[in-house]
Amino acid sequence: MHHIMRKGVITAGLLSSALALPAWAAKDAVIAVASTFTTLDPYDANDTLSQAVAKSFYQGLFGFDKDMKLINVLAESYQASSDGLTYTIKLRPGVKFQDGTDFNAEAVKVNLDRASNPDNHLKRYNLFKYIATTEVVDPSTVKITLKQPFSAFINNLAHPAAVMISPTALKKYGKDIGFHPVGTGPFAFDTWNQTDFVKVKKWDGYWKKGYPKLDSITWRPVVDNNTRAAMLQTGEASFAFPVPFEQAKLLEGNSKLDVVTTPSIMQRYISLNVTQKPFDNPKVREALEYAINRQALAKVAFAGYATPATGIVPPSIDFAQSYPAIKYDPAKARELLKEAGFPNGFETTLWSSHNHSTAQKVLQFTQQQLAQVGVKVKVTAMDAGQRAAEVESKGQKESGVRMFYTGWSASTGEADWALTPLFATTSWPPAIFNTAFYSNPQVDKDLADALKTTDRDQKAKLYKDAQDRIWNDHPWIPLVVEQLLSANNKNLSGFYVMPDTSFNFDEADLK
């Protein structure tokens, strides 16, 4: 107790002396990020970035530290029943939302009832669809009963989408909550200028005493890679992510900046729509895997800050399997295409889920490589709006998706979320993100069975079988696993990129 008291006195002392200076500079951190935000309601956001920004004002019951290890946040502890059906969670007492509403078991119930109701059509419904009921046991205890055993449930509650929103605000704003966020986090929402920035400011009622250390954070979307790097050089930004790989050397030469590399769980791949000709032919799909030189791609598009994919799940995810490297062999690609009845190749489209310069380089490189085996692709780099309209909201019948370059972070740190959303039959768009429209009954069964068992060896077996089958069915061209490159002004400390490409800024401070 004594230690906390002393810390409180020190901060108060610093503050008053800082205020006494004639020009007191607010600690404003400007964070330059790669794209605009779709919504500030994490339950309805499909992109990690919108969820990362929402961490300024929102918190979940659980979360991850900067190395993706599970931690308690608004929850103090939990207990799972032996049948894996009920989870009893003890809540942190004395926490308030930024509008003065109490955070308690009732607030958890309101949020989980909203998240698990399919009628709300929230984009993250799939993380919560196994919840049957959420009951208030007492103000600091909540009991969640699942429809079926789901052994990754606490990991799902740690996902950045699973946040606690003020029930008062939910009632007041309804469907517009994405523009009026009210949470328990360290910063309160200040302004959202749709094209330009989101600004959050320090909230004095935050439950963690002595935090946050910053006065405000301005999240600034800067689509152009080079502009983001330039903003660090001029001091307009305190932190930038992602930093263009080709600018790393230049930034390293600036004594005011730190350039930081983090391993990622970001798997980059091209999905092939297996329900459409010619991708319904497994030989065609396999041919395309041989047509891409991954080592060269890592150099050309990622300046070496990426490693060729060893499977369909990145190595740092629990239960990931690795396979022998896919060789670059254009002659074999041509031979397989010939066997499949395409001796002269074919024409198709390749879309990308993003339009930043790295994605554009991947498209150009892939286009050139495929041309060498006779496959002519027309490329389109999409912005968030186009992606939502053309890819995320269209079912198999009307979907124009053929080859689709994108990436996936399993933000629960666990194989279920790396596999089910991308390969289960139930995950075809518009439900989730299985843009290959892949379907294999045995894979579906493996993925379902893995969630029913709490026996680790049994889970490992099932996840291996599923990955082996998917690997041999070739619904994807697996490309690379990225390394994450960020840079910051040395004055900014405690601001990290996490392996899932979201941010950890609990300890962020400017000197």
Side-chain angles (χ1 to χ4, degrees), residues 245 267-315 320-352 358-381 401-408 422-423 435-438 440 443 467-483:
F245 303 121
Q267 174 90 29
R268 293 282 174 196
Y269 62 92
I270 293 170
S271 65
L272 306 170
N273 184 338
V274 303
T275 64
Q276 297 291 338
K277 288 189 167 9
F279 307 112
D280 56 346
N281 185 325
K283 273 197 173 146
V284 168
R285 303 197 298 265
E286 190 182 355
L288 299 182
E289 291 187 359
Y290 287 107
I292 309 268
N293 182 337
R294 286 158 188 74
Q295 297 286 0
L297 174 69
K299 282 203 182 68
V300 169
F302 301 91
Y305 293 96
T307 50
T310 54
I312 47 173
V313 178
Q321 289 295 319
S322 284
Y323 300 91
I326 302 166
K327 289 197 304 290
Y328 171 53
D329 191 343
K332 174 136 194 193
R334 278 191 292 268
E335 185 187 315
L336 283 164
L337 284 171
K338 193 175 165 183
E339 283 173 32
F342 295 95
N344 307 315
F346 56 88
E347 289 183 22
T348 187
T349 56
L350 168 60
W351 295 352
S352 155
T358 304
Q360 286 163 4
K361 282 187 187 139
V362 173
L363 292 185
Q364 284 159 6
F365 180 84
T366 307
Q367 188 180 40
Q368 288 159 4
Q369 296 256 286
L370 293 175
Q372 287 169 11
V373 298
V375 176
K376 295 180 194 58
V377 298
K378 193 166 176 263
V379 298
T380 306
V401 171
R402 295 301 180 261
M403 298 180 73
F404 186 59
Y405 167 68
T406 188
W408 184 264
L422 304 179
F423 298 105
T435 50
F437 293 97
Y438 173 76
N440 179 321
V443 168
Q467 288 171 80
D468 288 351
R469 287 169 191 274
I470 296 164
W471 188 254
N472 293 322
D473 283 341
H474 313 287
W476 279 10
I477 305 172
L479 297 173
V480 296
V481 174
E482 272 186 46
Q483 289 176 310

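All residue numbers refer to positions in the sequence shown, counting from 1. Side chains included, hydrogens not; waters and symmetry mates left out as well; all remaining heavy atoms used.
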Should we count NZ of K338 as having more than 12 external heavy atoms under 6.0 Å? no
So CG of D329 and CG of N293: to nearest 0.5 Å the spacing works out to 11.0 Å
Steps toward side-chain contact (heavy atoms from CB on, under 4.5 Å) verdict (T349, T380): CA-CA 8 Å; T349 56; T380 306; over 6 Å; no
Once you round to the nearest 0.5 Å, how far does CG of L422 lie from OH of Y438? 12.0 Å
Pairwise side-chain contact, L370 with I292, heavy-atom cut-off 4.5 Å (strictly under): yes
Does any N or O in the side chain of Q321 come within less than 3.5 Å of the main-chain N or O of Q467, such that one atom is a donor and the other an acceptor? no
List for me each residue that meets side chain to side chain donor-acceptor pair (under 3.5 Å) alongside E339, sequence neighbours excluded, and say none if there are none. K283
Find the distance between CG (L337) and OH (Y290) and round it off to the nearest 0.5 Å. 12.5 Å
Do the non-hydrogen side-chain atoms of Q364 and V379 ever get within less than 4.5 Å of each other? no
Are T406 and S352 side-chain neighbours, meaning at least one heavy-atom pair lies under 4.5 Å? no
pair T358-F302: side-chain heavy atoms closer than 4.5 Å: yes
With side-chain contact (heavy atoms from CB on, under 4.5 Å) as the criterion, how do T310 and V481 come out once you've worked through the C-alpha distance, each side chain's angles and the decisive distance to 0.1 Å? CA-CA 9 Å; T310 54; V481 174; 6.0 Å; no
List the atom of T348, the atom of R402, and the distance in Å for their closest heavy-atom pair. OG1-CB, 3.5 Å
List the steps and the verdict of side-chain contact (heavy atoms from CB on, under 4.5 Å) for F346 and K376. CA-CA 6 Å; F346 56 88; K376 295 180 194 58; over 6 Å; no
After noting the C-alpha distance and the side-chain angles of W351 and F404, does the key distance pass the ring pair (Phe, Tyr, Trp, His ring centres under 6.0 Å) rule? CA-CA 5 Å; W351 295 352; F404 186 59; 7.1 Å; no
Distance (rounded to the nearest 0.5 Å) between L363 CG and K378 NZ: 12.5 Å
Would you say the side chain of L297 lies within less than 4.5 Å of the side chain of V362, judging by non-hydrogen atoms? yes
For Q483 against G304, the heavy-atom pair lying closest together: OE1-O, 4.0 Å
Going by heavy atoms in the side chains, are V375 and L288 under 4.5 Å from each other? yes
Please list every donor-acceptor pair under 3.5 Å in which a side-chain atom of residues 267-280 meets a protein atom from a residue at least two apart or in another chain.
{"unit_1": "Q267", "atom_1": "NE2", "unit_2": "G311", "atom_2": "O", "d": "3.2"}
{"unit_1": "R268", "atom_1": "NE", "unit_2": "E482", "atom_2": "OE2", "d": "2.5"}
{"unit_1": "R268", "atom_1": "NH2", "unit_2": "E482", "atom_2": "OE2", "d": "3.1"}
{"unit_1": "S271", "atom_1": "OG", "unit_2": "T435", "atom_2": "OG1", "d": "2.7"}
{"unit_1": "N273", "atom_1": "OD1", "unit_2": "T275", "atom_2": "N", "d": "3.0"}
{"unit_1": "N273", "atom_1": "OD1", "unit_2": "T275", "atom_2": "OG1", "d": "2.6"}
{"unit_1": "N273", "atom_1": "ND2", "unit_2": "V401", "atom_2": "O", "d": "2.9"}
{"unit_1": "T275", "atom_1": "OG1", "unit_2": "Q396", "atom_2": "NE2", "d": "3.1"}

Looking at side-chain heavy atoms only, is the closest gap between W471 and I326 below 4.5 Å? yes
From N281 CG over to E286 CD, what is the distance, rounded to the nearest 0.5 angstrom? 10.5 Å
Between the side chain of R285 and the main-chain N/O of I477, is any donor-acceptor distance below 3.5 Å? no
Kindly state whether the ring of F423 and the ring of W476 have centres lying under 6.0 angstrom apart. yes
Just by modelled atom types, is the P478 backbone N or O under 3.5 Å from a matching donor or acceptor in the R294 side chain? yes
